[in-house]
There are 2 protein chains.
Amino acid sequence: MSEPLDPEMFDPVCPSSAMPIQIGDKWTAMVVLCLAGGPRRFTEIRVPLRGVTPKVLTQTLRAMERDGLVTRTAYAENPPRVEYELTPLGRSLLDLVAAARAWSREHLPALLAARAAHEDGAPVGAGRPEA
Amino acid sequence: MSEPLDPEMFDPVCPSSAMPIQIGDKWTAMVVLCLAGGPRRFTEIRVPLRGVTPKVLTQTLRAMERDGLVTRTAYAENPPRVEYELTPLGRSLLDLVAAARAWSREHLPALLAARAAHEDGAPVGAGRPEA
DNA sequence: CAGCATCCGAACCGATACTG
DNA sequence: CAGTATCGGTTCGGATGCTG
């Protein structure tokens, strides 16, 4: 599995940004998806997560490592190479992520419609229920 | 379904507080569970969510209402009575919540163990995902 | 009973700049 | 390449006190 990740794997325009389901931190679920096909390098993961800064991605990866979701393997080469890979525990999240995505495909439009309808009648500063 | 909710429905000691899965805001998933059995009143919902302030619960409920997950019915009585009930859309989250809980039952101990093991070797201020 | 108002602290995310 | 360091802004959740 060495095909490069699709840069548009996570379209920023996709309403999934408004998804009420979250796994770990903001990027955790996406990282899980990125690593679903096998080990990936730091920079490789950054591509589909357009806009994520190295600091934040490092935070996410470190947290996942702490929680036993990924393994980090550094090769003492030049240039340096580091690979992240899902552990069995991390892989166990794939089902959940899939379930969340299935829910979104099926019900997110209705949720978004309800939200839009409320914004019509309620011109109050609608809070963004995004975490 | 008028039996009072179990005050210990969500034990604060339960490691689910460390759960990496979140539906909506912090309390949304628990509210969904509270309303699974039928309509409930504001104060009734507060009981199992020990510690939640009315402000935050109102925020949660309002957001859920906006998103079409619950309906709010106020009865112009004295004393005032308000009931919240899951919509079909809100009920559609029950499967997802169940999936998340199933994952937790099965894998959360391993995650917590991994985290604890890391804290042994890394005495750095480990990010506590709990408030 | 069912909220609302106000203040506060913590968490998280992001931009920018710099290094082995 | 793979990070680290620093700074800042936004959001969220909680405590307290008051009202129709």
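A note on names: the letters A, B, ... follow the listed sequences, proteins ahead of strands, and every chain is numbered from 1.
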When rounded to whole Å, the CD to P distance for the pair Glu77(B) and dC1(C) reads 14 Å
Nearest-Å distance for atom pair CG/P, residues Leu61(B) and dG3(C)
7 Å
Sidechain-backbone polar pair: Arg81(B) side chain, Arg41(B) backbone, donor-acceptor under 3.5 Å:
no
Taking 4.0 Å as the cut-off, does a side-chain nitrogen or oxygen of Tyr84(A) come that near to OP1 or OP2 on dG3(D)?
yes
Where the side chain of Val82(A) is concerned, which of dC1(C), dA2(D), dG3(C) is the nearest nucleotide?
dA2(D)
Would you mind building the protein contact string for nucleotides 14-20 of chain C? One character per nucleotide, 5' to 3', B for base within reach (heavy atoms under 4.0 Å), S for sugar-phosphate only, - for untouched.
BB----B
Does a side-chain N or O of Thr58(B) approach OP1 or OP2 of dG3(C) to a distance below 4.0 Å, or not?
no
Below 4.0 Å: OP1/OP2 of dA2(C) and any side-chain N or O of Arg81(B):
no
Base, sugar-phosphate alone, or nothing: which one does Asn78(A) contact when heavy atoms must sit under 4.0 Å apart?
nothing
Atom-pair distance (CD on Glu44(A); P on dA2(D)), nearest Å
9 Å
Residue pair Val32(B) / Ile23(B), side-chain heavy-atom distance below 4.5 Å
no
I'd like to know if the side chain of Arg50(B) reaches the main chain of Phe10(B), judged simply by a donor and an acceptor atom lying under 3.5 Å from each other, with no hydrogens or angles considered.
yes
Specify the separation, in whole Å, of atom CG of Leu49(B) and atom C1' of dG14(D).
14 Å
Report yes or no: does Asp11(A) contribute a side-chain atom to a donor-acceptor pair with the main-chain N or O of Val13(A) at less than 3.5 Å?
yes
Using a heavy-atom cut-off of under 4.0 Å over every strand shown, decide if Tyr75(A) touches base, sugar-phosphate, or nothing.
nothing
Donor-acceptor contact below 3.5 Å, side chain Arg91(B) vs main chain Leu86(B):
yes
Interatomic distance where CG belongs to Asp25(B) and P belongs to dG14(D) [whole Å]
10 Å
Protein-nucleotide distance (Arg40(B), atom CZ; dA2(C), atom C1'), rounded to Å
17 Å
With a 3.5 Å distance limit and no angle check, can you tell me whether Gln22(B) reaches the backbone of Gly24(B) through a side-chain donor-acceptor pair?
yes
Of the candidate nucleotides dG3(D), dG3(C), dC1(D), which contains the atom at the shortest distance from the side chain of Phe42(A)?
dG3(D)
Name the nucleic acid region contacted by Arg62(B), choosing base, sugar-phosphate or nothing; use a 4.0 angstrom heavy-atom cut-off, strictly under.
sugar-phosphate
Mind checking if Arg72(B) touches a base, just sugar-phosphate, or nothing, with heavy atoms under 4.0 Å?
sugar-phosphate
Can you check whether Glu8(A)'s main-chain N or O pairs, donor with acceptor, with Asp6(A)'s side chain at less than 3.5 Å?
yes
Taking atom C1' of dG14(D) as reference, at what distance in whole Å does atom CG of Leu57(B) sit?
13 Å
